[in-house]
Number of protein chains: 4
Amino acid sequence: MAGVEQSPQTPARAKRADARRNQQKLLDAAAEVFVSSGVDAPIREIASRAGVGMGTIYRHFPTRADLVIAVFRHQVEECAEAGPRLLAEEDSPFAALRRWIGLFVDLLVTKHGLAEALHSEAEGFASLHAYFLDRLLPVAEQLLGAAVDAGEVRPGTQPYELMRGIGNLCVGGDTDPRYDPRRLIELLLRGIQAPPAA
Amino acid sequence: MAGVEQSPQTPARAKRADARRNQQKLLDAAAEVFVSSGVDAPIREIASRAGVGMGTIYRHFPTRADLVIAVFRHQVEECAEAGPRLLAEEDSPFAALRRWIGLFVDLLVTKHGLAEALHSEAEGFASLHAYFLDRLLPVAEQLLGAAVDAGEVRPGTQPYELMRGIGNLCVGGDTDPRYDPRRLIELLLRGIQAPPAA
Amino acid sequence: MAGVEQSPQTPARAKRADARRNQQKLLDAAAEVFVSSGVDAPIREIASRAGVGMGTIYRHFPTRADLVIAVFRHQVEECAEAGPRLLAEEDSPFAALRRWIGLFVDLLVTKHGLAEALHSEAEGFASLHAYFLDRLLPVAEQLLGAAVDAGEVRPGTQPYELMRGIGNLCVGGDTDPRYDPRRLIELLLRGIQAPPAA
Amino acid sequence: MAGVEQSPQTPARAKRADARRNQQKLLDAAAEVFVSSGVDAPIREIASRAGVGMGTIYRHFPTRADLVIAVFRHQVEECAEAGPRLLAEEDSPFAALRRWIGLFVDLLVTKHGLAEALHSEAEGFASLHAYFLDRLLPVAEQLLGAAVDAGEVRPGTQPYELMRGIGNLCVGGDTDPRYDPRRLIELLLRGIQAPPAA
DNA sequence: CATGAATGAGCTTTCATTCAT
DNA sequence: AATGAATGAAAGCTCATTCAT
């Protein structure tokens, strides 16, 4: 590996830059394909869209779930980070919760196939599931806890259950014109609200 | 006509009896397999579980959806028929609606795989979807309409959307101990309730 | 064979009449199906067209070739019998030969699929082939021989080869508007004619 | 670029060399299998004869007709190219036509199964048929036209019909010792010849 | 490291053929 | 005898995954 590398400058970096660019091509291609053909699309399709060999995908993402996670990691991170920020910005914890859930729903509904993948019980998506939970459930707990503490939400609401339910509601939210998950989620939020103290 | 069922004079009947018994074996086996392996299970698996050849399944149910529908038709019918009855029995339309939705949820949650099948966008399940809609949506409309008329539910609630949402919520309701769709559906119902006239 | 036959009158005959009528239904149905779907049509199709069970076909015609032969036997017989008659009727042996070949071609071209079946090398059609040969080759030999004797046809023409060739030419003669086997067969006949003695 | 074909600098080439060798194995195997089992032989059989997986065949030849065409393309090309050459070489257009038809017959008779495939009305062979027509019919038209112009062949002879007829005559020409299509084709040629001008 | 050819398991579907009724 | 349900071998085709280059 030493030696015949052509340009003397930044040989290692060059590789990395190359590899990173490759990764990005891959992620972009995968994202597109997930939209058009779902997260179960043939590996080959993703590879050819990315202009790389299938082996390259396997190298970078040994498992389909790894790829899916990688594709959505950025948005998941953004969403996770938005939690505390909203809590600080918004007037009330409940308002923050509502807006945060809006972001979460955007994530699931916009990225066609994500919601479906999340609910797929297929073997390989376990880790995708886990990743979502690890990253987002704590945020949900924090927001929900704050809202409960503020007396805006009835105690006893299970964060996991709520998130799972919202995730479920998002299935099909981007393809069926007669079905808008956001309306139902709004109902759900109304449902968890504590009755005015009066 | 009574008694001598085995008599050779009823050759056609004999056939039917046999075939019908076979159908039942098939439906039972399919139901089991749907539970253990999902509604996408290989035909072979169902066939071998039923102890019949694959051809037999194709004869009885040319399409996978035909089989799935057949497996669940009984329960769907029961559920559909319960709608008007509950409307008559219960104290209020809303109470009837709540109980009917309970039956609907039982159907989806109990029969593992049904909810998933319903949301499958796979080609062949279109008719399953259609069947559910044809049979159950009118009932939902009737109940919801009555509740709206009685001033118990806010006008503007879309029956289709509500049913779809409930269907979505049921996904995974039988496998995940931390997730009980019924609680969320109760929230949803609270959400559609009209505020007390006062 | 004596004894428990129900009605005392013509018991055996009754049966036979029934069976014969069945056979005819079968042959008619098979003929139709051969036209529409070729001689390789599923047995089931023929059975259902005839309104009988598949088993019945197997009983009457254990082999597909048996059925094909039965279907066309009548016409083959007619054709075979026409040979000597034409030899007697026509002005010259060559004229008789030409007209007889016309009948043969009609048989093959009219009955869609017959020509194809004849050339099928599929296992089961061997006996069909043999039947055609047994019945028609002698006739061809007789006619050709007479024409040779009369000095109308060059000696050395092989009856088998000629018949096979004509059979071949008939393939596709009923479906392709740009292809009329009769014209080519006329050329063939011209080709075997002996040059005028002059 | 000369010489070191094995050098690692030509990775793409290396692939191609390998794949090309594979293709050849495939074509050879297919040719053999077509002879022994006809062009409808199971893909599996061809694959195993070639010592490759079935997928490999599908990769190279998505359609059965693609494979058949590939198997015979070389000979078809040779035959097509021989047309004009013979026209230039031979003493008369008719002589050229006769020799060219000889080549055509060789092609069909030698490659057992080709003639049959050509007459198969099966769905997938349409393109094979088309290929033959596209490539060879123009040649036939040229030769026949020249012969007509030279007064050697009666006007009115249809090139398509003649070629089809010759193709038909070739069926079975390699298996039946009592049947030699070449003799009949010679008769046909005699039949289309214009009578000597007197 | 990347490539993409090759592999072959796994599924679907069709029918000839058998055989219980 | 007739029926047609049942059987299961055969084929086709698709992809995930491996691995030689």
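Keep in mind that the numbers below use all heavy atoms, side chains included, and drop hydrogens, waters and symmetry copies.
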>> Does E:dA6 have its OP1 or OP2 closer than 4.0 Å to a side-chain nitrogen or oxygen of D:His60?
In response: yes
> Which ones in residues 24-33 of chain D lie close to DNA chain E, meaning a heavy atom under 4.0 Å from one of its atoms?
Replying inline: none
> What distance do C:His129 atom NE2 and C:Ser127 atom OG have between them, rounded to the nearest 0.5 Å?
Replying inline: 11.0 Å
>> Looking at every non-hydrogen atom in both residues, tell me the closest pair between D:Ala70 and D:Leu27 and how far apart they are.
In response: CB-CD2, 3.7 Å
>> Just so I know, are the side chains of B:Tyr58 and B:Ile43 near enough to count as touching, which here means a heavy-atom distance under 4.5 Å?
In response: yes
> At their closest point, which heavy atom of D:Ala65 faces which heavy atom of D:Leu128, and how far apart are they?
Replying inline: CB-N, 4.5 Å
> Can you check the B:Leu67 CG to E:dT13 C1' distance for me, whole Å?
Replying inline: 15 Å
> Does the D:His60 side chain pair with the main chain of D:Gln23, one donor and one acceptor, at a distance under 3.5 Å?
Replying inline: no
> Rounded to the Å, how far apart are C:Arg59 CZ and F:dA2 P?
Replying inline: 5 Å
> Got a sec, which residues hit side-chain contact (heavy atoms from CB on, under 4.5 Å) with A:Arg49, two or more places apart in sequence or on another chain?
Replying inline: A:Ala29, A:Glu32, A:Val33, A:Ser36
> How many Å lie between CG on C:Asp66 and P on E:dA16, as a whole number?
Replying inline: 15 Å
> Under a 4.0 Å heavy-atom cut-off, which of residues 38-49 of chain D touch DNA chain F?
Replying inline: D:Pro42, D:Ile43, D:Arg44
> Between atom CZ in A:Phe61 and atom P in F:dT17, what is the gap in whole Å?
Replying inline: 16 Å
> Going through the distances and angles, do A:Ile46 and A:Ile57 end up as a side-chain contact (heavy atoms from CB on, under 4.5 Å)?
Replying inline: CA-CA 9 Å; A:Ile46 299 168; A:Ile57 294 191; 3.7 Å; yes
> Do D:Leu67 and D:Phe34 have side chains that get closer than 4.5 Å, going by heavy atoms?
Replying inline: yes
> Looking at DNA chain E, which of residues 51-58 of chain A put a heavy atom within less than 4.0 Å of it?
Replying inline: A:Val52, A:Gly53, A:Met54, A:Gly55, A:Thr56
> Going through the checks in order, is the side-chain contact (heavy atoms from CB on, under 4.5 Å) test met by D:Val39 and D:Phe125?
Replying inline: CA-CA 10 Å; D:Val39 289; D:Phe125 286 126; 3.8 Å; yes
> Between D:Gln23 (CD) and E:dA5 (P), how many Å, whole number?
Replying inline: 11 Å
>> Go nucleotide by nucleotide along DNA chain F from the 5' end; which of B:Asn22 and D:Arg64 gets its closest nucleotide reached first?
In response: B:Asn22
>> Under the salt bridge (Lys or Arg N to Asp or Glu O under 4.0 Å) definition, can you give me all pairs with a residue in residues 50-71 of chain B, not counting sequence neighbours?
In response: none
>> Between D:Asn22 and D:Lys25, is there a side-chain heavy-atom distance shorter than 4.5 Å?
In response: yes
>> Stem list for DNA chain E, please, built from Watson-Crick and G-U wobble pairs under 3.5 Å and keeping only runs of at least 3.
In response: E:2-21 with F:2-21
> Hey, does B:Phe61 have a side-chain heavy atom less than 4.5 Å from the side chain of B:Val68?
Replying inline: no
> Considering only heavy atoms from C-beta outward, does the side chain of C:Val171 approach that of D:Val171 to under 4.5 Å?
Replying inline: no
